[in-house]
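Labels below follow one simple rule: chain letters A, B, ... track the order of the sequence lines, proteins then strands, and each chain is numbered from 1.
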There are 2 protein chains.
Amino acid sequence: MCKTAGVSTDDASPLNLGLLLFIPYRAMETAVLDALAEAGHDLPLNQARVFQRIAPEGSRLAQLAQASQLPKQTVGSIVDHLERSGYVRRIPDPTDARARLVTITPRGQELVEISLPVVRATEAAWRAHLGEQRTVLLRDALADLREITDPFRP
Amino acid sequence: MCKTAGVSTDDASPLNLGLLLFIPYRAMETAVLDALAEAGHDLPLNQARVFQRIAPEGSRLAQLAQASQLPKQTVGSIVDHLERSGYVRRIPDPTDARARLVTITPRGQELVEISLPVVRATEAAWRAHLGEQRTVLLRDALADLREITDPFRP
DNA sequence: GCACATAGTCCGAAGTTCGGACTAATGTGA
DNA sequence: TCACATTAGTCCGAACTTCGGACTATGTGC
């Protein structure tokens with residue numbers, strides 16, 4: 001299966017940029033999830049994806065919903081699980097009594113601390129493969145692309 | 001939410017490469033799905049992701065399962081839906097009587113034909129934003145990265 | 001030809017998603 | 001200052017999805 005049917009750019013060319021982006025993304029995600037599982041944290045994908053979006057100072061549910069492009073209820077239920085597993089806590093938002101901030105607990109912080117070296121190692125492996133200069137170019141291009149593709153830039 | 005908690009490369013730096021890859025990927029996916037919905041094809045994400053992996057000459061279930069990193073049963077059920085909606089058909093694999101090939105029907109081909117210009121337009125928008133040269137570098141870097149990150153290269 | 005691997009399906013329990021309807025707190029403007 | 005619209009989040013529950021286990025049919029190697 002070299003060419004995809006659905007979204008290949010054209011018959012003769014290789015994969016479209018979308019899938020080309022997805023492949024390494026998925027690899028990074030898998031590496032992190034595997035490392036977490038190894039450390040005894042069995043985080044399902046949906047929980048990981050929401051967790052990842054929590055800002056260090058805490059995030060509101062609606063923010064998380066927007067960032068992960070899921071309805072509030074869905075994110076609510078995912079946060080319930082994260083909370084039950086002790087990774088996050090909901091605290092009242094001091095600036096708005098309707099809202100609550102989803103914050104990372106010390107146990108949740110463990111997840112971050114396990115992930116970080118894996119992310120760094122994966123990036124290092126990529127850098128070793130691509131070379132320093134191209135890695136910088138890649139990151140720059142992606143950061144630039146974010147300007148026109150991120151529906152949720154604060 | 002500027003920095004993500006889970007996987008930021010380091011406190012001062014911007015997003016990690018993983019999320020940086022994901023953002024444009026998701027944008028592309030959304031653009032395609034929106035266009036399909038507009039044309040009356042309400043394809044859920046999971047179906048779209050599997051459909052996208054079907055090779056023009058047809059793919060086996062096990063291949064699709066491996067490529068999308070889902071169990072056979074899950075992919076089987078997704079293919080059931082695609083089949084019920086008339087986008088794909090299962091035909092016997094002439095080379096192996098146990099296997100069947102999931103192939104794209106004319107109606108499924110419509111999906112491809114709707115997606116293609118959207119993919120091209122999105123890529124063109126990105127090119128306009130990044131410039132010709134950086135786009136080429138981006139694609140090259142990603143294609144290279146695929147060599148070490150694609151668990152399923154034929 | 002017999003054992004073993006492989007393709008795919010069926011079953012069903014457990015889990016996930018998310019529309020709609022709701023409560024509570026905020027902001028707004030007359 | 002009070003109605004009124006808006007926004008944060010939750011509760012409910014039906015429909016759907018996921019996927020382990022067990023199964024059949026075919027291929028493959030000894």
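Regarding A:Gln66, its CD atom lies at a distance of 10 Å from the P atom of D:dA8, rounded to whole Å. We find that NZ of A:Lys72 is positioned 10 Å from P of D:dT7, with the value rounded to whole Å.
Residue order along DNA chain C, read from the 5' end via each residue's closest nucleotide, puts B:Asp80 first among A:Leu70 and B:Asp80. Nearest-nucleotide mapping onto DNA chain C: of A:Gln73 and A:Thr95, the residue sitting toward the 5' end is A:Gln73.
Of all nucleotides listed (C:dT9, C:dT26, D:dG27), D:dG27 comes nearest to the side chain of B:Ala97.
Close to C:dT9, at under 4.0 Å from its OP1 or OP2, lies a side-chain N or O of B:Arg100. Phosphate contact (OP1/OP2 of C:dT9, side-chain N/O of B:Arg90, threshold under 4.0 Å): present. Contact check, B:Thr74 against D:dT17: no side-chain N or O comes under 4.0 Å of OP1 or OP2.
Of all non-hydrogen atoms in A:Leu101 and A:Pro94, the two that sit nearest each other are CD1-CD, 4.3 Å.
Within the 4.0 angstrom heavy-atom criterion, only backbone atoms of the sugar-phosphate kind lie near A:Asn46; the bases stay farther away.
For A:Tyr87 and A:His81, the gap between ring centers reaches or exceeds 6.0 Å.
The existence of a salt bridge linking B:Glu29 and B:Arg26 is confirmed by a sub-4.0 Å separation between a basic side-chain nitrogen and an acidic carboxylate oxygen.
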